[in-house]
Amino acid sequence: MKISFKKTYKFAVKSALFISVFATAFAVLLASIIFENNLQKLFLFGMVFIFIIYVFSFLVLQYRVEHFIYRRVKKIYDDVSLLESSTFINQPITTDMETLTREVKKFATDKKLEIEMLQVREQYRREFLGNVSHELKTPLFTVQGYISTLLDGAMEDKAIRKKYLKRAEKGVERLIYIVEDLDMITKLEVGDLNLDYSEFDIVELIQNVFDLLEMKAEKKKITLAFENYHIQPNFVRADKDRVQQVIENLIVNSIKYGKKEGTTEIAVVNLTKKKVLVRISDNGEGIEKQNIPRLFERFYRVNKSGSRSEGGSGLGLAIVKHIIEAHKEKIYVESEFGIGSEFSFTIEKVVNK
């Protein structure tokens with residue numbers, strides 16, 4: 001790759017000036033003795049002498065600097081330019097030492113940040129692969145175990161055969177559930193999932209989700225209710241199915257981590273003339289402060305043992321976040337460990353209704 005120089009003559013100009021002034025003063029002193037203080041001849045001699053000395057000094061200094069200093073600077077640029085991400089690539093090379101020092105310092109800082117980011121990504125990659133492996137391994141081993149038992153002779157017993165096949169089927173369903181969630185989140189991340197916008201009553205949609213999850217909540221004696229008992233219809237514009245998926249995931253989480261005989265409340269608030277805020281709050285176990293920034297990561301679980309026993313793909317909150325962001329809206333979370341959690345998100349309001 002050809003590297004262009006952006007030369008500076010500051011060093012040569014100043015150095016040549018200092019040399020010229022000193023040499024001229026010395027020469028004029030000698031000439032004053034020769035010309036016996038003839039001012040006209042002294043002035044003419046001084047002007048010619050300083051011009052010749054200045055040009056000669058400038059050329060020699062600039063030549064020496066370029067060949068003995070800039071050549072080494074060029075080698076530094078060549079070495080650095082071997083890195084594809086270098087900020088020096090396709091940039092003119094400066095021969096000013098102050099500028100060079102500043103650029104090298106900036107380069108070192110950028111590289112340090114890049115290395116730190118790569119380390120974080122590598123750690124995330126390892127965690128992600130480990131989590132995917134764990135999530136898929138459990139149902140796979142379950143299915144494998146039941147099928148192996150049947151092949152080893154248990155197939156002859158009709159009762160055992162039917163029971164084990166049903167259990168294997170549940171394991172396969174869990175695998176399908178995880179793969180479908182992974183497929184959805186991948187489409188959301190790359191923007192391949194098209195949203196089907198429509199106008200609907202968000203209050204009615206939430207009530208439908210309550211009815212759908214009523215039995216699940218009843219198992220833990222958790223009450224699902226609106227914060228305002230006299231809540232009025234509130235029409236919004238969004239993808240109805242995706243918003244229902246968001247609300248389902250958030251309520252399922254509140255049930256999963258909620259305490260027995262607890263409460264999950266939903267509020268629908270007119271935030272502005274164009275925005276509605278949907279708030280899901282519970283009085284469950286809450287989330288520790290250090291876990292909150294990672295809640296929306298794929299497969300990240302606050303309570304790794306308890307949450308897995310409850311089922312789920314570990315992708316629910318990640319999907320929630322991507323669906324909300326696909327609508328160009330925001331999602332928020334507040335939680336206090338031991339007291340409860342509150343998730344909220346904004347959604348576009350239908351102004352005319």
Are E169 and L165 packed together at the side-chain level, in the sense that at least one heavy-atom pair is separated by less than 4.5 angstrom? no

If every non-hydrogen atom of I160 is compared with every non-hydrogen atom of L150, which pair is closest and at what distance? O-CD2, 4.3 Å

Check: V276 and T346 side chains under 4.5 Å, non-hydrogen atoms: no

So, does N283 use its side chain to make a donor-acceptor pair with the main chain of T263 at under 3.5 Å? yes

Check against side-chain contact (heavy atoms from CB on, under 4.5 Å), K275 and K349: CA-CA 5 Å; K275 296 290 180 183; K349 181 180 180 181; 5.9 Å; no

Expected output: side-chain S335 to main-chain I287 donor-acceptor under 3.5 Å: yes

Side-chain heavy-atom pair I323, Q245 within 4.5 angstrom cut-off: yes

Might you confirm whether atom NZ of K259 has over 12 heavy atoms from other residues, nucleotides or ligands at distances under 6.0 Å? no

Taking it one step at a time, do Q144 and L140 satisfy side-chain contact (heavy atoms from CB on, under 4.5 Å)? CA-CA 6 Å; Q144 184 186 39; L140 275 173; over 6 Å; no

For L224 and E214, run side-chain contact (heavy atoms from CB on, under 4.5 Å): C-alpha distance rounded to whole Å, both residues' side-chain angles, the deciding distance at 0.1 Å, then the answer. CA-CA 8 Å; L224 305 179; E214 184 179 8; 5.6 Å; no

Starting from I176, can I reach I147 by hopping between I/L/V/M/F/W/Y residues whose side chains sit under 4.5 Å apart? yes

Do V209 and Q244 come close enough that some side-chain heavy atom pair is under 4.5 Å? yes

Shortest non-hydrogen separation from G286 to S341 and the atoms involved: CA-OG, 3.6 Å

Measure the spacing between CD of E325 and CD1 of I331 and express it to the nearest 0.5 Å. 8.5 Å

Between the side chains of N270 and N234, does any donor sit under 3.5 Å from an acceptor? yes

Which value, rounded to the nearest 0.5 Å, describes the distance between I324 atom CD1 and Y332 atom OH? 10.5 Å

Answer yes if V246 and L195 sit in the same cluster of Ile, Leu, Val, Met, Phe, Trp and Tyr residues linked by side chain heavy atoms under 4.5 Å apart, and no otherwise. no

Closest non-hydrogen atom pair, T264 against I280: CG2-CG2, 4.1 Å

Taking NZ, NE, NH1 and NH2 as the nitrogens, is one of them in K221 or E218 under 4.0 Å from a carboxylate oxygen of the other? yes

Is L151 linked to V172 within one hydrophobic cluster, defined over Ile, Leu, Val, Met, Phe, Trp and Tyr using a side-chain heavy-atom separation of less than 4.5 Å? yes

Taken to the nearest 0.5 Å, the spacing of I292 CD1 from K289 NZ works out to 8.0 Å

Does one hydrophobic cluster hold both V179 and F141, with members joined at side-chain heavy-atom distances below 4.5 Å? no

N253 and F343, any side-chain heavy atoms less than 4.5 Å apart: no

Within the 4.5 Å heavy-atom criterion, are E348 and V236 side-chain neighbours or not? no

Does the distance from a Lys or Arg side-chain N to an Asp or Glu carboxylate O, for E265 and R279, drop under 4.0 Å? no

For a quick check under 3.5 Å, do Q207 and D211 share a side-chain donor-acceptor pair by atom type? yes

CD1 (I347) and CG (D239) are apart, to the nearest 0.5 Å, by 9.5 Å

Are E261 and K220 within salt-bridge range, i.e. N to O under 4.0 Å? no

Is it true that Y197 and H327 have ring centroids separated by less than 6.0 Å? yes

Roughly how far apart are I222 CD1 and L213 CG, rounded to 0.5 Å? 11.0 Å

Is I231 linked to V243 within one hydrophobic cluster, defined over Ile, Leu, Val, Met, Phe, Trp and Tyr using a side-chain heavy-atom separation of less than 4.5 Å? yes

Test K170 against R167 for side-chain contact (heavy atoms from CB on, under 4.5 Å), laying out the working first. CA-CA 5 Å; K170 287 183 179 179; R167 290 180 180 178; 5.6 Å; no

With the side chain counted from C-beta on, respond yes when I251 and F210 share a heavy-atom pair under 4.5 Å apart, and no when they do not. yes

Check: L277 and F345 side chains under 4.5 Å, non-hydrogen atoms: no

Give a yes or no on this: more than 12 heavy atoms of other residues, nucleotides or ligands lie within 6.0 Å of atom CD of E336. no

Would you compute the distance between atom CD1 of I319 and atom CZ of F296 and round it to the nearest 0.5 angstrom? 13.0 Å

Taking every non-hydrogen atom, the tightest pair across P233 and D201: CB-OD2, 3.4 Å

